[in-house]
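To keep things clear, I will list the structure first and then write my remarks on it.
Numbered from 1 within each chain, the chains take letters A, B, ... in sequence-line order.
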Amino acid sequence: MNIEELCRLYALPAEVAEALRGAGIEGLYPPQEAAIAAGALEGESLVLAAPTASGKTLVAELAMLHSVLVRGGRALYMVPLRALASEKYEDLKAKYAPLGIKVGLATGDYDRVDGRLADHDFLVLTNEKADSLLRHRASWLLEGLSLVVLDEVHLLADPSRGPTLEVLVAALRHVRPDLQLLALSATIRNAEELAEWLSARAVVSDFRPVPLKSGVYLAGELLLSDGTRKRVAGELGPVFDLVLDVIQEEGQALVFVSTRRSAQALARKLARPLARLLPEEEKEGLAELAAKIERALDEPTPVCRELAACVRAGVAFHHAGLHHTQRRAVEGAFRARLLRALCTTTTLAAGVNLPARRVIIRDVRRYQAPYGSIYIPALEFHQMAGRAGRPGLDPYGEAVLVAKDEEDRDELLVRYVLAPPERITSQLATAGALPAHVLGAIVAGYARSPAGLRGFFSRTLLAHQFGVERLEVALAESLAFLCEEGMVRKWQGRLLPTPFGELVARLYIHPVSAVTLRDGLAEGERVGLTELALLHLVAHTPDMERLRLRRADLEELPGLLQREEFLVPVPEPGARGYREFLAELKTALALAAWISEAPERELHRRFGLGPGDTYRLREEAEWLLYAAQRIAGLFGFPLGPLPVLRTRVRYGVREELLELVRLKGVGRVRARALYTAGFTDLAKVAAAREEDLARVPHLGPGLAQSIKRQAESLVEA
DNA sequence: CACACGATCATCTAGACAGCATGTC
DNA sequence: CTAGATGATCGTGTG
């Protein structure tokens with residue numbers, strides 16, 4: 001069926017066909033035909049399980065278009081990552097805004113709204129954002145809602161974030177039992193079971209527009225799943241030979257390794273042989289990219305320099321410690337084929353779409369405390385392998401595992417190449433996420449009695465797979481905890497949220513975090529609140545990621561332990577929770593360094609933090625400090641340094657710069673530069689001459705004009 | 001004697017969602 | 001489900 005026929009058949013306007021043709025789409029792939037035959041455009045709920053790039057997205061988009069243009073409804077598109085949300089938003093907007101469709105984006109860090117979010121036809125959200133909006137009883141979210149697309153539903157199997165998705169789905173179906181759901185996933189083993197859970201039909205396909213061959217490499221020979229063998233020349237070592245081989249055939253290589261250090265080391269080692277293959281005319285573009293990467297930070301760290309050096313040779317590494325502009329730069333350059341090889345951790349396995357002809361999976365084991373190194377799941381292998389083959393550029397894709405010996409080769413074949421991915425099973429009972437979701441259900445009004453609670457949770461995947469009885473005990477325990485801590489109270493057989501419970505659900509923090517903050521702040525009322533104690537308190541909550549301890553930390557940190565007055569009991573050395581406490585202290589010290597304007601270089605040296613890590617740490621701390629402030633307000637505790645601390649964490653500055661960072665275009669670096677140049681407050685900036693401001697380092701004429709004007713109006717106000 | 005290369009040993013380990021109110025270098 | 005790569009340090013061999 002071609003696009004025009006399809007549009008006619010389902011009463012979609014002709015402009016839709018035009019728009020799709022404009023995007024290079026002419027006909028439908030088999031899984032797309034199957035999804036439409038199964039009722040994707042007739043309000044039918046589906047679980048669509050098919051490989052990456054098999055066109056699941058187009059099915060979703062057609063259903064969304066149909067939903068809005070024909071049925072007059074609205075559609076939500078939910079994804080697990082912010083990066084995916086903004087990618088999807090940009091894509092939908094470019095394609096369909098010209099048709100008059102209003103596209104919106106809502107994630108924790110970003111709301112892109114023209115007018116009200118409620119007015120949008122298509123709204124792209126992260127799962128958590130959608131969950132949060134429901135807890136805020138944002139009724140507009142559901143108004144006229146006819147379709148919800150759930151992208152990457154295999155996230156259900158993730159212990160930390162699967163439960164949210166599961167409960168979100170339960171909530172949507174609780175509120176709108178008739179809602180059409182379109183669950184998208186890469187190939188999964190139990191698509192039928194998930195479909196049953198969702199009262200949907202399963203559409204399963206292994207179609208790929210670019211054929212995928214996966215196999216194992218050993219001693220110059222690539223043994224592929226289809227039984228064929230392929231020789232690969234070279235003598236530099238398996239990974240080197242595989243990379244150089246595909247580059248010589250004008251393809252690109254994506255190498256997955258298990259640690260950041262390995263990603264960097266491998267890229268560094270590849271740089272020399274790759275530089276030799278580099279055509280002269282590409283050197284300039286790479287040099288520009290390298291310069292951009294070094295400019296990403298005010299003062300380049302050793303990691304920045306290393307990345308820049310690799311990039312000059314046409315290779316790069318990629319992991320979550322990089323600054324987001326560096327990540328984007330690397331991704332863009334790889335997509336533009338400027339970079340020939342990319343060594344990466346799992347950031348790229350599930351993240352933005354970045355295919356390569358040959359995907360090399362060097363490490364299949366990953367360290368996981370307290371077990372040691374364990375095999376990654378087959379699901380993860382399939383995700384990485386799915387990156388092989390660029391549509392339109394590569395005739396085929398190759399996913400290659402690297403074996404150490406023959407025994408290893410057989411193991412890899414059995415465990416990964418020939419193995420289906422694991423079943424998706426509910427993680428709702430295992431991760432300790434239940435109290436948050438029980439509170440959420442009560443606050444959102446889905447459950448107002450113990451029986452209602454059971455009823456609500458009977459819609460979860462866990463109940464579908466194991467029976468709701470499996471949850472009985474955990475539900476009762478969660479409820480007891482919430483009642484005891486004053487977030488929920490029982491009244492005449494009903495469950496009612498207290499103001500504390502309401503606040504906690506809306507702040508979207510874990511109830512245990514809320515209790516930690518409340519009790520810590522109460523203690524603070526007695527002993528006083530110091531900056532470090534507050535930073536430690538947020539680092540003590542389960543919502544905060546802790547820094548890892550290194551050997552040297554075990555010698556240094558205990559010395560700092562006695563000197564501070566903490567808001568939670570300090571464990572004795574060797575006692576349970578002692579090392580955890582040290583990790584919290586280290587995290588707090590890193591935040592303290594950040595707000596005392598330690599440069600990235602120092603954060604990297606002292607704490608092993610890359611710019612990307614600092615960003616996340618800062619974001620989490622700011623969120624929890626805000627939560628602490630609200631909780632203090634609710635209970636009438638003194639705020640102490642909380643409000644100032646929160647702003648300082650946000651900008652990474654000492655207190656004396658707080659006035660200056662209010663200026664748009666001024667962050668920690670420029671604020672410090674202004675301060676050093678004698679412009680120590682807004683009044684001085686307002687009174688300054690533009691040309692004097694423009695001479696301050698990191699400022700130019702444009703910014704000078706802008707901040708002078710802002711300062712004038714702020715001073716006036 | 002300088003340097004390349006190899007053996008030995010200690011060290012260390014992936015990623016990323018959420019509030020609120022608006023913009024870094 | 002309980003390892004293995006990296007990189008510093010020291011030792012050995014070679015031109």
Side-chain angles (χ1 to χ4, degrees), chain A residues 79-83 85 107-113 125-133 135-136 155 158 160-165 256-266 268-269 295-299 319-321 323-325 344-351 362-377 380 404 436 440 503-510 513 543 545 548-552 600 608 611-613 615-617 619-620 622-630 646 650-652 661-671 673 697-700 703:
Chain A
V79 296
L81 301 175
R82 293 172 183 177
T107 65
D109 63 339
Y110 212 58
D111 284 350
R112 177 71 58 97
V113 284
L125 319 96
T126 52
N127 300 327
E128 283 77 7
K129 182 67 181 187
D131 189 35
S132 168
L133 286 170
R135 287 193 196 181
H136 283 251
L155 183 76
D158 180 306
S160 74
R161 296 186 53 212
T164 308
L165 178 53
F256 284 100
V257 297
S258 65
T259 67
R260 294 178 179 186
R261 194 167 59 167
S262 285
Q264 294 182 195
L266 182 59
R268 189 167 59 236
K269 289 185 228 161
R295 273 202 313 272
L297 295 184
D298 178 53
E299 182 198 11
H319 58 64
H323 194 271
H324 65 103
T325 59
T344 180
T345 58
T346 53
T347 17
L348 284 181
R362 192 196 69 175
D363 304 339
V364 291
R365 311 186 69 143
R366 190 166 46 227
Y367 177 83
Q368 205 180 94
Y371 306 114
S373 104
I374 58 175
Y375 282 105
I376 59 168
E380 213 175 302
K404 287 165 192 64
L503 181 62
V504 172
R506 286 159 173 259
L507 290 170
Y508 211 79
I509 59 175
H510 194 285
S513 292
D543 277 309
E545 164 191 22
R548 265 188 285 264
L549 294 176
R550 292 184 298 195
R551 193 172 183 80
E600 290 286 357
D613 303 307
Y615 182 85
R616 279 201 319 284
L617 201 65
E619 220 179 17
E620 285 175 2
E622 196 199 337
W623 165 50
L624 288 162
L625 285 167
Y626 172 76
Q629 199 175 320
R630 294 288 302 271
R646 181 184 150 220
R650 174 180 192 149
Y651 291 101
V661 291
R662 288 173 66 195
L663 298 165
K664 284 179 193 175
V666 176
R668 70 190 313 226
V669 172
R670 285 172 179 161
H698 306 290
L699 268 77
L703 204 55

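Within 4.0 Å (heavy atoms only), A/G665 reaches sugar-phosphate atoms of the nucleic acid but no base atom. Nucleic acid contact class of A/Y651 (heavy atoms, under 4.0 Å, all strands): sugar-phosphate only. Residue contacts shown for A/S160 are absent, as no nucleic acid heavy atom lies under 4.0 Å away. Among the heavy atoms of the strands, none lies under 4.0 Å from A/Y375.
Checked against B/dA16, C/dA5, B/dA18, the side chain of A/S262 finds its nearest nucleotide in C/dA5. Closest approach to the A/R650 side chain among B/dG19, B/dA21, C/dA3 is made by B/dA21 (side chain taken as heavy atoms from C-beta onward). In this structure, of B/dC20, C/dT6, B/dA18, it is C/dT6 that holds the atom nearest to the side chain of A/K269. Taking the side chain of A/L81 as heavy atoms from C-beta on, and the options B/dA16, B/dA18, B/dG19, the nearest nucleotide is B/dA16. With C/dG7, B/dA18, C/dG4 as the choices, the nucleotide that has an atom nearest any side-chain atom of A/A265 turns out to be C/dG7.
Using a 4.5 Å heavy-atom threshold, the side chains of A/E619 and A/W623 count as separate. A/T126 places a side-chain heavy atom less than 4.5 Å from the side chain of A/R82. Between A/E600 and A/H323 the shortest side-chain heavy-atom distance does not fall below 4.5 Å. Side-chain contact between A/R670 and A/L699 is present, with heavy atoms from C-beta onward closer than 4.5 Å. With a 4.5 Å cut-off on side-chain heavy atoms, A/D131 and A/Y508 count as touching. A heavy-atom distance below 4.5 Å is found between the side chains of A/L133 and A/L125. A/I509 has its side chain within reach of A/V504: a pair of non-hydrogen atoms, C-beta onward, lies under 4.5 Å apart.
C/dG7 and B/dA14 have their P atoms separated by 13 Å, with the value rounded to a whole Å. For the P atoms, the distance linking B/dA18 with C/dA3 amounts to 37 Å, nearest Å.
Between A/S132 and the phosphate of B/dC17, there is no side-chain N or O to OP1/OP2 separation shorter than 4.0 Å. Residue A/R268 has a polar side-chain atom (N or O) positioned under 4.0 Å from OP1 or OP2 of C/dG7. For B/dG15, neither phosphate oxygen OP1 nor OP2 lies less than 4.0 angstrom from any side-chain nitrogen or oxygen of A/R161. Within the structure, a side-chain polar atom (N or O) of A/R362 is placed less than 4.0 Å from OP1 or OP2 of C/dT6. Not one side-chain nitrogen or oxygen of A/T164 sits closer than 4.0 Å to the OP1 or OP2 atom of B/dC17.
Each of A/H323 and A/R646 has a nearest nucleotide on DNA chain B; the 5'-most of these lies closest to A/R646. If you find the closest nucleotide of DNA chain B to A/G321 and to A/V661, the one lying nearer the 5' end belongs to A/G321. Take the nearest nucleotide of DNA chain C for A/K404 and for A/P370: the residue whose nucleotide is more 5' is A/P370.
Environment of CZ in A/R662: sparse, with no more than 12 heavy atoms of neighbouring residues, nucleotides or ligands closer than 6.0 Å.
Of the inter-residue distances, the one linking A/D158 atom CG with A/L165 atom CG reads 10.0 Å to the nearest 0.5 angstrom.
Across all strands shown, C/dC1 has no partner, as no Watson-Crick or G-U wobble contact with both distances under 3.5 Å is found. Here C/dT6 sits opposite B/dA10 as a Watson-Crick or G-U wobble pair (both hydrogen-bonding atom distances under 3.5 Å). Across all strands shown, C/dG13 is found opposite B/dC3 as a Watson-Crick or G-U wobble partner, with both distances under 3.5 Å. Remark: B/dG15 base-pairs with no nucleotide; criterion is Watson-Crick or G-U wobble with both hydrogen-bond distances under 3.5 Å.
One interatomic measurement links the two molecules: CG of A/L155 to C1' of B/dA16, which rounds to 11 Å at whole-angstrom precision. Distance A/R506 CZ to B/dA18 P: 18 Å, rounded to the nearest Å. When rounded to the nearest whole Å, the span between CG of A/L624 and C1' of B/dC17 equals 12 Å. When rounded to the nearest whole Å, the span between CD1 of A/I509 and C1' of B/dC20 equals 14 Å. Rounded to an integer number of Å, the gap from CG of A/D363 to C1' of C/dA5 is 8 Å. A/R135 has its CZ atom 17 Å from the P atom of B/dC17, to the nearest Å. Look at CZ on A/R662: it is 14 Å from C1' on B/dA21, rounded to the nearest Å. Going from atom NE2 of A/H698 over to atom C1' of B/dT24 covers 12 Å, rounded to whole Å.
Side chain A/E619 to base B/dA18: no donor-acceptor pair is found below 3.5 Å. Applying the 3.5 Å distance criterion, the base of B/dA16 shares a donor-acceptor pair with the side chain of A/R616.
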List every contact pair, protein side and nucleotides 11-14 of chain B side both N or O, where the distance is under 3.5 Å.
unit_1 : atom_1 : unit_2 : atom_2 : d
B/dT11 : OP1    : A/R551 : NE     : 3.2
B/dT11 : OP2    : A/R551 : NE     : 3.0
B/dC12 : OP2    : A/R551 : N      : 3.0
B/dA14 : OP1    : A/R260 : N      : 2.8
B/dA14 : OP2    : A/R548 : NH2    : 3.2
B/dA14 : O3'    : A/T345 : OG1    : 3.4
B/dA14 : N1     : A/R366 : NH2    : 3.4
B/dA14 : N3     : A/T346 : OG1    : 3.3

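Checking A/S262 against A/R362 by side-chain atom types alone, a donor-acceptor pair falls below 3.5 Å.
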